[in-house]
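All remarks here apply to the structure that follows.
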Amino acid sequence: MTQTIIEFKNVTKSYQETQVLTGVDLTIEAGKFYTLLGPSGSGKTTILRLIAGFSNATSGDIIFDGKRINDVPANKRRVNTVFQNYALFPNMNVFENVAFGMTLKGVNKVQIKEKVTSMLEMVQLAGYADRSIDELSGGQQQRVAIARALANDPEVLLLDEPLSALDYKLRKDMQYELRELQQRLGITFIFVTHDQEEALAMSDWIFVMNEGKILQNGSPVDIYDEPINHFVANFIGESNIIDGVMREDYKVMFAGKEFENVDAGMRPNERVEVVLRPEDLDLTTPENGKLIVTIDAQSFRGDYYEISAHDDDNNEWRIQATNPSVLNSRQGLTFDPEDIHIMRFDESEDDYDARLDNYEE
Ligand code: ADP
Ligand code: MG
């Protein structure tokens, strides 16, 4: 049984003239790991602030546990936030930081001690209670911030790019730990990142945002495999995006040739964009290729070679290959029908092209 804990219904947010959220609808179910993913300035923090009650929606409804909470003050919401810069109190030690919310509420000392001890154990900082904040590494400060937020028993934990200040190795470890913590606690996490790899690795469900709108939401696999438009395809991993035409069901034309694919339900000859992921492409001999490409450049990436090539129709291709290729050689390119992902042509980009044409005249 899944239970909806948070809902946004047509929520907008404006500052003076500028609209920073437009018609946001979202549904958050209890006990799952959600990620808001989008570039800087897309409105991710704004959504967290609306959930936490640090900011008011300009219009629309924000529902928590079935009740409209637009007018409920922040301290009455069962939500806590882990901020991007941790926002720990530098003049308090670790214990006092974690105890902060409970101390404010007047919880008795014995209970506070018990809770802080168990929270510090949970984030693997047992024995650090008396340390001052500036004696901690970035990763340890991050854990204190998480312990402090969880000590208030929130129903929902909001995490605003909590890993962005950490170095690569620690970041990977913390991704795993946060995911594990969420599963152990069984509460809802809403995590914000601009890093698609992080989003794919951690989430049950991703909301992809751009310019104050949610463009797509779904499981990591859905979003990776079936991006809804050009922006999402590009943002979620590297893609080859090529103009094409759906001739009829299961027949798509691109790069000057017709291919069998697995999509149906478009108008005959509908204009589409075709997405092929670099890791789904293979190089072979020209006779065995579905397309012929010329190798333009390659670089070694540790576990694969990243190759750029172009076909005879002048489309650029990114290919991840296990073996190196000879520069300027002609090779066959192969892919499976199910690796051809079809997107409806993005009208807004058509407008953009039209505007560009006008401009260029
Ligand atoms: P993100 O977290 O995705 O980087 P934000 O939600 O912080 O994005 O910001 C979304 C947009 O809202 C940005 O263009 C930002 O400049 C604008 N914005 C945020 N806060 C304010 C504010 N207090 N006044 C005016 N504009 C703001
Ligand atoms: Mg932000």
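Ligands are counted one by one from 1 in listed order, and the atoms in each one are counted from 1 as well. Any value given below was found using the heavy atoms of this structure, including those in side chains, with hydrogens, waters and symmetry copies removed.
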To check your reading of the model: name the closest protein heavy atom to atom 26 (N) of ligand 1, its residue, and the distance in Å. Tyr15 CD1, 3.4 Å
Salt-bridge criterion met for Asp153 and Lys115 (N-O under 4.0 Å): yes
Which of the atoms of ligand 1 are close to Ser40, meaning less than 4.0 Å from one of its heavy atoms? 4 (O)
Among protein heavy atoms, which sits nearest to atom 8 (O) of ligand 1, and what does the distance come to when rounded to 0.1 Å? Gly43 N, 3.3 Å
Proximal atoms of ligand 1 relative to Ser42 (non-hydrogen, under 4.0 Å): 1 (P), 3 (O), 8 (O)
Taking 4.0 angstrom as the limit, do Glu197 and Lys172 come out as a salt bridge? yes
Under a 4.0 angstrom heavy-atom cut-off, which atoms of ligand 1 come close to Pro39? 3 (O)
heavy-atom search around atom 10 (C) of ligand 1 in the protein gives Gly41 O, 3.4 Å
Heavy-atom nearest neighbour in the protein, as seen from atom 7 (O) of ligand 1, with distance rounded to 0.1 Å: Thr45 CB, 3.6 Å
Gln182 side-chain N/O to Ile187 backbone N/O, donor-acceptor pair under 3.5 Å: yes
How far apart are the closest heavy atoms of Thr284 and Leu333, and which atoms are they? CG2-N, 4.5 Å
Between Asp312 and Arg330, does any NZ, NE, NH1 or NH2 come within less than 4.0 Å of an OD or OE carboxylate oxygen? yes
Asp204 and Arg179 ion-paired at < 4.0 Å: yes
Short N-O contact, Asp65 and Arg78, less than 4.0 angstrom: no
N/O to N/O below 3.5 Å, does that happen between Val20 and ligand 1? no
Indicate whether atom 18 (N) of ligand 1 is within a distance of less than 4.0 angstrom of some protein heavy atom. yes
State whether the number of non-hydrogen atoms from other residues, nucleotides or ligands found under 6.0 Å of Lys169 atom NZ is greater than 12. no
Per-atom filter on ligand 1: closer than 4.0 angstrom to a heavy atom of Thr46 are 5 (P), 6 (O), 9 (O), 10 (C)
Take every heavy atom of Gly38, measure it against each atom of ligand 1, and state whether any distance is under 4.0 Å. no
Any non-hydrogen protein atom less than 4.0 Å away from atom 15 (C) of ligand 1: no
Is it possible for you to check whether Arg148 lies under 6.0 Å from the centre of the six-membered ring of Phe89, through NZ or CZ, and within 45° of that ring's axis? yes
Has Thr45 got an N, O or S atom lying less than 2.8 Å from the Mg ion (ligand 2)? yes
